[in-house]
Amino acid sequence: MFEKRTEYSVGVILLIVAAMTYSTAGTFTKGVVAGAWSVIFWRGVFAAGFTTGWTLGKGTFRQNFFNMGKSGWAVGVIGAIGTAAFIPAFKLTSIANVSLIYAAAPLVAAMLAWLAIGERITRRTLAGSLLALIGVGVIVVGSIGSVNLTGDALALVMTNAMATIMVIYRVYPQTPGAGPSVMQSLFLILPSFIFGAPFETAPFEIAVLAAFGLLFAIASVTLAEGAKRVPSGQTALLSALETPLAPILAFFIFAEMPSKATFIGGAVVLIAVLLSIKDESTPEAALTEEGTRP
């Protein structure tokens with residue numbers, strides 16, 4: 001039991017690190033004038049390079065790239081689709097809206113986990129999910145009139161892709177994190193040249209996107225490792241920490257003052273995340289007696 005709780009605690013920490021790192025995506029994307037596909041290319045190239053170097057340094061290159069299995073390839077393909085939607089979303093709508101739409105992932109992940117592995121949805125996770133949605137509603141209402149529907153739709157695609165990846169790692173915890181992350185970047189190289197012009201990017205912006213790639217590499221690995229240790233619903237809730245963090249970071253970088261609705265809604269989401277952090281291993285905590293955890 002102690003070992004199980006320790007693994008859970010490590011997973012929570014890793015997911016918080018991932019959320020904090022992912023919260024910088026909007027700032028990096030909007031901080032350069034390069035088009036979305038150029039951002040995708042350069043971030044992907046550097047992220048793939050940093051991640052591959054990390055596996056070589058740890059001596060896990062073969063494990064990550066030759067033992068991915070079908071689940072690893074699935075993560076790579078789904079991750080590429082999510083990335084192709086994620087970056088343009090920031091160009092087409094606000095940082096707050098992209099982050100807030102992602103906060104709907106708890107319900108998506110929990111439902112997918114129930115369908116795929118019969119993972120129980122506990123009262124605490126359900127309460128946290130509903131509370132997170134309330135927080136999202138508060139901020140979205142405060143943003144009415146400035147939402148770009150195309151950008152929001154792309155953010156929804158990204159949300160579904162990320163929720164699916166969380167469940168895949170929950171179902172197949174042996175799936176490596178680094179290999180699939182690198183593959184999703186490589187899958188987008190050709191489309192980047194078809195739909196964009198990466199080599200026209202200014203040298204300074206390439207340097208900025210290199211830093212973006214490094215942070216993305218860190219986030220991808222910590223998310224994958226954390227998702228193996230924490231139930232899918234809570235994984236999505238912890239990842240939703242980026243919802244309030246992203247607008248706050250945008251304020252410090254771009255002097256964009258978050259609205260009152262953002263402050264209030266962000267606080268509600270944070271409360272929902274804290275509410276979800278619990279090792280819900282007792283049968284009485286579940287809404288249903290059926291279903292088991294892997």
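- The shortest distance between side-chain heavy atoms of Ile206 and Phe46 falls below 4.5 Å.
- The side-chain heavy atoms of Leu186 and Met183, taken from C-beta on, include a pair separated by under 4.5 Å.
- Contact of the Phe216 side chain with the Tyr22 side chain is registered, since non-hydrogen atoms from C-beta on lie closer than 4.5 Å.
- You'll find the side chain of Val32 reaches within 4.5 Å of the side chain of Val39, heavy atoms only.
- At least one side-chain heavy atom of Met162 sits less than 4.5 Å from a side-chain heavy atom of Leu223.
- Tyr169 and Pro176 make their closest contact through OH-O, 2.8 Å (heavy atoms, listed as atom of the first residue, atom of the second, distance).
- Atoms CZ and OG, on Phe195 and Ser38 in that order, are 13.0 Å from each other to the nearest 0.5 Å.
- Follow the hydrophobic side-chain contacts under 4.5 Å out from Val33 and you never reach Ile95; the two are in separate clusters.
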Q: May I have the step-by-step check of side chain to side chain contact (heavy atoms under 4.5 Å, CB included) for Ile81 and Val157, ending in yes or no?
A: CA-CA 8 Å; Ile81 294 172; Val157 171; 4.2 Å; yes

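- Ring centroid separation for the pair Phe193 and Phe41 comes in under the 6.0 Å cut-off.
- For Thr52 (side chain) and Gly49 (main-chain N/O), no donor-acceptor pair under 3.5 Å exists by modelled atom type.
- At a threshold of 4.5 Å between non-hydrogen side-chain atoms, the residues Ile78 and Ile168 count as touching.
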Q) Taking it one step at a time, do Phe86 and Phe90 satisfy ring-ring contact (aromatic ring centres under 6.0 Å, His included)? A) CA-CA 7 Å; Phe86 181 58; Phe90 282 118; 4.9 Å; yes

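- The shortest heavy-atom contact between Asn160 and Thr164 is O-OG1, 2.8 Å.
- When atom types are taken as modelled, the side chain of Thr29 and the backbone of Gly26 share no donor-acceptor pair closer than 3.5 angstrom.
- Shortest non-hydrogen contact noted between Pro88 and Ile40 is CD-CD1, 4.2 Å.
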(Q) Between Val98 and Met158, is the side chain to side chain contact (heavy atoms under 4.5 Å, CB included) condition met? List the steps. (A) CA-CA 9 Å; Val98 174; Met158 177 271 295; 4.0 Å; yes

Q: Go through Thr60 and Gln63 one step at a time and tell me if the side chain to side chain contact (heavy atoms under 4.5 Å, CB included) criterion holds.
A: CA-CA 5 Å; Thr60 59; Gln63 175 187 349; 4.1 Å; yes

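- The closest donor-acceptor contact from the side chain of Glu205 to the backbone of Ala34 lies under 3.5 Å.
- Put simply, the side chain of Leu249 does not reach to within 4.5 Å of the side chain of Leu245, judged on heavy atoms.
- Partners of Thr201 according to the side-chain hydrogen bond (donor to acceptor under 3.5 Å, both in side chains) rule, which considers only residues two or more places apart in sequence or in another chain, are Trp42.
- Of all heavy-atom pairs between Thr21 and Leu215, the closest is CG2-O, 2.9 Å.
- Residues Ser185 and Gly44 share a closest heavy-atom pair of CB-O, 3.4 Å.
- Among residues two or more places apart in sequence or in another chain, the side-chain hydrogen bond (donor to acceptor under 3.5 Å, both in side chains) test is passed with Ser71 by Thr175.
- To the nearest 0.5 Å, atoms CD1 (Ile248) and OG1 (Thr27) are separated by 11.5 Å.
- Looking only at distances, a side-chain donor or acceptor of Asn64 sits under 3.5 Å from a matching main-chain atom of Ala178.
- In this structure, Trp37 and Ala84 approach most closely via the heavy-atom pair CH2-CB, 4.0 Å.
- With no hydrogens or angles considered, a side-chain donor-acceptor pair links Thr83 and Gln184 at under 3.5 Å.
- Proximity of Arg229 to Tyr8: side-chain heavy atoms (C-beta onward) are nowhere separated by under 4.5 Å.
- Transitive grouping of hydrophobic side chains (ILVMFWY, heavy atoms separated by less than 4.5 Å) brings Val268 and Ile271 into a common cluster.
- Arg43 contributes atom CZ, which lies 12.5 Å from atom CG of Leu214 (distance to the nearest 0.5 angstrom).
- Listed for the Tyr172 side chain is no donor-acceptor partner under 3.5 Å among the backbone atoms of Val167.
- Ring pair Phe65/Phe61: centre-to-centre distance below 6.0 Å.
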